Amino acid sequence: KVHVAEVVADALDRSYETAASRRIELIADAEDDAAVRGDRTQLSAALGNLVENAVNYSPDDTRVAVTVKRTGDLVEISVTDQGIGIPERDLERIFERFYRVDPARSRATGGTGLGLSIVKHIAATHGGEVTVWSSEGNGSTFTLKLPVCVEERDLARAV
Ligand code: ATP
Ligand code: MG
């Protein structure tokens, strides 16, 4: 059992320095202390990849927000940025291994295009999924959806 607040804290820690050096504000709203079943290291790596992308594909002096929401049996952890966004035609391909949108555009960040395929894999092995909403030039939101831990869910119903 892993508390989502821990996963959020781990993920933000990884990007803290890079974000600070570019005056990108990292905000976390994880008051709901939901728990999910799984591996803390893997879940932190998955969310960490989403936060890293949010920072990498955003201009300086912007804001990256991580929010946690519970909907029914799912915990939804969203990472929202005010970055370059993703063209609609590329949205369905970004989770493929080595796929990068317009390499010229993102060359400065020097990634390999593996991050999102790993996030997708970790979400799937935890019984969840990762979804994306994006507006080119305005920003993106990636959402990691995971089944809420059963005991927690039963507890919530009993209240
Ligand atoms: P790696 O994560 O392996 O270092 P990468 O960041 O290029 O490299 P992914 O994380 O898989 O690879 O992302 C794939 C592509 O999707 C990126 O190259 C980028 O074009 C696009 N992308 C991902 N996240 C965002 C985002 N938050 N805003 C804009 N574009 C994004
Ligand atoms: Mg990446």
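Positions are given from 1 along the sequence. Fair warning: this is a prediction, and the values are worked out from it, not measured in the lab.
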Taking the side chain from S58 and the backbone from A54, do they hold a donor-acceptor pair closer than 3.5 Å? yes
Nearest heavy-atom neighbours spanning S134 and I86: OG-N, 2.9 Å
Check: D81 side chain, S140 main-chain N or O, donor-acceptor pair, under 3.5 Å: yes
Is the closest basic N to carboxylate O distance between R40 and E6 below 4.0 Å? yes
Under a single-linkage definition using a 4.5 Å side-chain heavy-atom cutoff for Ile, Leu, Val, Met, Phe, Trp and Tyr, are L74 and V132 assigned to the same hydrophobic cluster? no
Is the backbone of T41 close enough, under 3.5 Å, to the side chain of S44 for a donor and an acceptor to pair up by distance? no
Could you pull out the closest heavy-atom pair between A11 and G48, with the gap in Å? CB-N, 3.6 Å
State the CZ-SG distance between R37 and C149, to the nearest 0.5 angstrom. 4.0 Å
If we only count heavy atoms from C-beta on, is the D90 to Y99 side-chain gap below 4.5 Å? yes
Give, for atom CD1 of I94 and atom CZ of R100, the distance between the pair rounded to the nearest 0.5 Å. 12.0 Å
Heavy atoms, side chains only, cut-off 4.5 Å: are R70 and V148 in contact? yes
Would I27 and Y16 show up in the same hydrophobic cluster when neighbours are defined by side-chain heavy atoms closer than 4.5 Å? no
d(F142 CZ, T131 OG1) to nearest 0.5 Å is 9.0 Å
Rounding to 0.5 Å, atoms OG (S15) and CG (N56) come to a distance of 7.5 Å
Close side-chain approach of V64 and V79, heavy atoms under 4.5 Å: yes
Considering all heavy atoms, the nearest L26-A19 contact: CG-CB, 3.8 Å
I need the single residue from V119, I122, L116 that forms a side-chain contact (heavy atoms from CB on, under 4.5 Å) with N49. Which is it? V119
Distance-only, no hydrogens or angles: does the H126 side chain make a donor-acceptor pair with backbone N or O of D39 under 3.5 Å? yes
Would you say that more than 12 heavy atoms from the other residues, nucleotides or ligands in this model lie under 6.0 Å from the CZ of R97, or not? no
Report yes or no: do V51 and W133 belong to one cluster of Ile/Leu/Val/Met/Phe/Trp/Tyr joined by side chain heavy-atom distances under 4.5 Å? no
Salt bridge (Lys or Arg N to Asp or Glu O under 4.0 Å) filter on R89, not counting sequence neighbours, yields none
Would you say that V8 contacts I77 through its side chain, given a criterion of any heavy-atom pair below 4.5 Å between the two side chains? yes
Inter-residue atom distance F95.CZ - E129.CD, 0.5 Å rounding: 9.5 Å
Would you give the length of the straight line joining atom CD1 of I84 to atom CD of E136, rounded to the nearest 0.5 angstrom? 8.5 Å
Of all heavy-atom pairs between G83 and P59, which one has the smallest distance, and what is that distance? CA-CD, 3.9 Å
Under 4.5 Å between any side-chain heavy atoms of V66 and D29, yes or no? no
Would S117 and E96 count as a side chain to side chain donor-acceptor pair (under 3.5 Å) if you check the C-alpha gap in whole Å, the side-chain angles of each, and the deciding distance to 0.1 Å? CA-CA 6 Å; S117 67; E96 294 172 15; over 6 Å; no
Same cluster or not: V2 versus L12, using hydrophobic residues (I, L, V, M, F, W, Y) connected whenever any side-chain heavy atoms lie under 4.5 Å apart? yes
Minimum heavy-atom separation for V55 and R22, please, with both atom names. O-NH1, 3.0 Å
When you compare the side chain of E76 with that of L146, does any pair of heavy atoms fall below 4.5 Å? no
What are the two closest non-hydrogen atoms of S78 and T141, and how far apart are they? CB-CG2, 4.0 Å
